[in-house]
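All values below come from the heavy atoms of this structure, side chains included, with hydrogens, waters and symmetry mates left out. In each ligand, atom 1 is the first atom listed, and ligand 1 is the first ligand listed. The shown structure was predicted, so the numbers you read here are calculated from the model rather than taken from an experiment.
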Amino acid sequence: MIPYGKQNITSEDIQSVIDVLKSEYLTQGPKIKEFEDAFAKYIGAKYAVAVSNGTAALHLSTMAMNVKSGDKVITTPITFAASANCVKYCGGEVVFSDIDPDTYLLDIKSVKRLLEDSPKGTYKGIIPVNFAGRAVNLEEFHKLAEKYDLWIIEDACHAPGGYFIDSNGIKQNCGNGNFANLSIFSFHPVKHIACGEGGMITTNDKNLYKSLLKLRTHGITKDESTYTNSIGFAGGKDSYPAWYMEMQELGYNYRLTDFQAALGTSQLKRADEGVALRRKIAEKYNSAFEGLTFIKGQSGVEDGHAYHLYIIEVEDRLGLYNYLREQKIFAQIHYIPCHLMPYYRNLGWKEGDLPNAENYYKHCISLPMYPTLTDEEQDYIIKTIRNFITQ
Ligand SMILES: Cc1ncc(COP(=O)(O)O)c(C=O)c1O
């Protein structure tokens, strides 16, 4: 059986987890900060906050950006539901905007139209997604965000190691915090870095960083300089006693464990190697499918694409999907448009609202893409797809 995505666990990874299991701390120990520092360095951001999963990262991010009841936030319909749901967790309203049919990313032109058609202040933020691993040009979104006073939360779950080239010719890594207020990542096993479950938020904003640290752990702080209760109340004489802490706002337990963090740090050492292998696989698919007229579109080979997914569009998607399954190749569909999920339909979204996303969904199929996919396996996938047309 060949799945569409798979983790890559080495003996070093396993040893790193065992070492933590034998150590003093299973959670809230030194491995968290180690992972955060290594990740921030890899991405090129100032701060990183490790959390229990990508959804928690999104939820804390919308909390940190102060999303409140009725606040309108724009995102893409072609993403995992969590990119939109995080707005709902805070009582906000999700406004889906259509994708660019060539890149499959949130189309800046349709976002512009939304913004121009409403009074300034209608929208609070944008959540662009580096879907499939292709980097959004955040410089352009940032300009728009400045004009309309919007914040940006970049959903970079698919794109650690991805980048775009800015207008000065400079490489801008996904999640580096130069254009987004916050960026979030997931360490689910099909992602580039696997922790089992896990997530990270990166930012260059110190205040947001501090706020996220607190929200991650129930809104509790041990930073004396921010205490509001008196020393006397706390039970001290001249200073706060060592046990004292304050819960200053409503937070959650969204912590990562130390053994997950150790696995993440160990995996991170092979992150670039993983992206290079994914790129090689993409190049091979790309040249194998060149000139095949039954394929309408494909991810292609893009600089800065981190290739979480390799997507093609075909006329008979159901036929190809079933044929591949019969041959033990488990392709996947990314994604059923969020706005047409029953939950969002019940909020008023309907077919025809976002034609590019809906048309894309009719044809898209994600082929197996992961660093340990062998040459033989990929040859077999390519041959099977070719057989499908000629059968
Ligand atoms: C684009 C995107 N955003 C958010 C998430 C949520 O991450 P997690 O599964 O770690 O909660 C995912 C994971 O599938 C994702 O693909």
Exercise for the section: Distance to 0.1 Å, residue and atom name: give those for the protein heavy atom nearest to atom 13 (C) of ligand 1. Expected result: Lys191 NZ, 2.9 Å

Handout entry: Pairwise distance OH(Tyr89) to CG(Asn85) - rounded to 0.5 angstrom
Key = 4.5 Å

Practice task
May I ask you to list the atoms of ligand 1 that are less than 4.0 angstrom from any heavy atom of Leu58?
Solution key: 4 (C)

Exercise for the section: Look at the rings of Tyr344 and Phe96 and say which category their plane angle falls in: under 30° parallel, 30 to 60° tilted, over 60° perpendicular. Expected result: perpendicular

Handout entry: Polar proximity ligand 1 side, Glu197 side, N/O cut 3.5 Å exclusive
Key = no

Handout entry: 4.5 Å side-chain heavy-atom contact, Val49 and Leu213
Key = yes

Practice task
Would you mind telling me if ligand 1 is within reach of the side chain of Tyr335, the backbone, both or neither, using heavy atoms under 4.0 Å?
Solution key: side chain

Exercise for the section: State yes or no: are the ring centers of Phe187 and Phe39 separated by less than 6.0 Å? Expected result: yes

Practice task
Look at atom 9 (O) of ligand 1 and say which protein heavy atom is nearest, naming residue and atom and giving the distance to 0.1 Å.
Solution key: Ser186 OG, 4.1 Å

Exercise for the section: Distance to 0.1 Å, residue and atom name: give those for the protein heavy atom nearest to atom 3 (N) of ligand 1. Expected result: Asp155 OD2, 2.7 Å

Completion exercise
Under 4.0 Å between heavy atoms, the region of Thr79 that gets near ligand 1 turns out to be side chain

Fill in the blank from the handout: For atom 16 (O) of ligand 1, the closest protein heavy atom turns out to be His158 NE2, 2.8 Å

Exercise for the section: Would you mind checking which non-hydrogen protein atom is closest to atom 11 (O) of ligand 1, with the distance to 0.1 Å? Expected result: Thr55 OG1, 2.5 Å

Handout entry: Residue and atom name of the nearest protein heavy atom (relative to atom 15 (C) of ligand 1), distance in Å to one decimal
Key = Phe80 CB, 3.6 Å

Handout entry: atom 8 (P) of ligand 1 - nearest protein heavy atom and its distance
Key = Gly54 N, 3.4 Å

